[in-house]
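Just so it is clear, the structure is predicted and the values come from calculations on it, not from any experiment. Note on naming: letters A, B, ... go to the chains in the order of the sequence lines (proteins, then strands), and numbering restarts at 1 for each one.
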Amino acid sequence: MDLSLATRNEGDKTVISVGGEIDVYTAPKLREQIVQLVEEHRYHLVVDMEDVEFLDSTGLGVLVGGLKRVRAHDGSLHLVCTQERILKIFRITGLTKVFPIHASVAEAVAAQD
Amino acid sequence: MPQWPKQSPRRTERSAQVATVELRFTALPEHVRTARLVAVSLARHAGVDDETLDEVRLAVGEAATRAVGRHRARCPLEPVLVRLTDGSGRFVAEVVDLVPDTEPATGGGEPDLTEHAEAEPQGVDPLDEPLPPGIDLAVIGGLVDDVTVTGGVGGSTVRMAWPATETGGQPVFGSPAPPA
């Protein structure tokens with residue numbers, strides 16, 4: 001399955017709904033999406049990963065890069081994920097301490113930065 | 001540049017106990033997914049339990065991504081090799097590249113990207129800043145209990161193994177020859 005991306009604005013945050021597989025082949029598409037949003041001055045991002053079926057370290061690299069980029073503008077990057085198989089790689093790499101990870105988009109949008 | 005050993009490019013073996021599948025592919029990112037799919041399919045055949053199949057998928061994907069990256073940097077025309085073996089109660093995945101590897105292998109233990117993620121961007125564009133070298137092997141080390149990484153002038157091999165049920169393995173290719 002390829003990568004699907006959809007964005008929508010909710011309040012001052014932009015939600016990126018991601019579906020499919022984020023790997024070395026598809027991660028550049030997510031990267032381009034984040035770059036485009038930051039260029040549009042959308043600095044508070046929520047990445048909804050509930051429909052992500054696979055995530056590897058290449059995908060993590062794009063998320064970490066996105067986090068650094070929005071933080072450079074005093075922004076934020078929140079994740080939405082309840083899938084254990086996806087959360088596992090965040091735990092292995094210690095990134096659960098870096099990314100705020102929420103159980104729902106509503107919770108992520110409501111979170112204070 | 002080292003060359004693959006002279007042997008059939010699509011060698012397939014099946015003794016009474018062991019079946020081997022070799023997948024050789026051009027070092028392109030789009031083929032990493034194929035390697036993952038084949039590995040998971042064969043692991044399921046071998047009787048690897050369902051909970052572990054996600055580990056197989058991620059670990060083989062990380063190893064294949066590493067090999068593709070190394071080949072693209074040093075020998076993009078040479079194919080990457082993934083060798084999958086089912087037998088003796090183990091499912092073994094080996095990802096082999098041809099890039100001389102004289103650096104000590106990293107990996108094992110659990111990586112921690114916290115400091116990297118919290119550090120100030122070093123490049124002009126933080127999205128161009130890669131994760132620390134060796135994170136792929138570190139992720140594999142955090143996932144798989146039985147993993148070894150060997151390297152030398154001929155290239156490097158990431159070997160990963162998982163328990164499989166002896167009865168889980170079905171013939172990977174075809175069926176036993178019918179009685180004469």
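Using a 4.5 Å cut-off between side-chain heavy atoms of Ile, Leu, Val, Met, Phe, Trp and Tyr, with links allowed through other members, A:Ile86 and B:Val60 fall into the same hydrophobic cluster. B:Leu58 and B:Leu42 fall within the same hydrophobic cluster, where Ile, Leu, Val, Met, Phe, Trp and Tyr residues are linked whenever their side-chain heavy atoms come under 4.5 Å apart, directly or through other members. Under the 4.5 Å side-chain heavy-atom criterion for Ile, Leu, Val, Met, Phe, Trp and Tyr, B:Val144 and B:Val92 are members of distinct hydrophobic clusters. Hydrophobic cluster membership is shared by A:Ile89 and A:Val52, with clusters built from Ile, Leu, Val, Met, Phe, Trp and Tyr side chains linked at under 4.5 angstrom. In the hydrophobic clustering of this structure, A:Val18 groups with A:Ile101; members are Ile, Leu, Val, Met, Phe, Trp, Tyr whose side-chain heavy atoms approach within less than 4.5 Å, directly or through other members.
For a residue to count as touching a neighbouring chain, one of its non-hydrogen atoms must lie under 4.5 Å from one of that chain's; by this rule A:Leu60 touches chain B with backbone and side chain alike. Heavy-atom distances place both the backbone and the side chain of B:Arg57 under 4.5 Å from chain A. Residue contact with chain A, scored on non-hydrogen atoms closer than 4.5 Å, involves the backbone and the side chain of B:Glu30 alike.
Of the inter-residue distances, the one linking A:Asp56 atom CG with B:Ile135 atom CD1 reads 11.5 Å to the nearest 0.5 angstrom.
Side-chain atoms of A:Phe54 and B:Arg36, non-hydrogen and from C-beta on, do get closer than 4.5 Å to each other. Residues A:Thr58 and B:Thr65 are in side-chain contact: their nearest non-hydrogen atoms beyond the backbone lie under 4.5 Å apart.
Between A:Lys88 and B:Asp54, no side-chain nitrogen of the basic residue sits less than 4.0 Å from a carboxylate oxygen of the acidic one, so the salt-bridge criterion is not met.
With a 6.0 Å radius and a threshold of 12 heavy atoms from other residues, nucleotides or ligands, B:Glu51 has its CD atom at or below the threshold.
Across all non-hydrogen atoms, the minimal contact from B:Val32 to A:Val24 is CG2-CG1, 3.9 Å.
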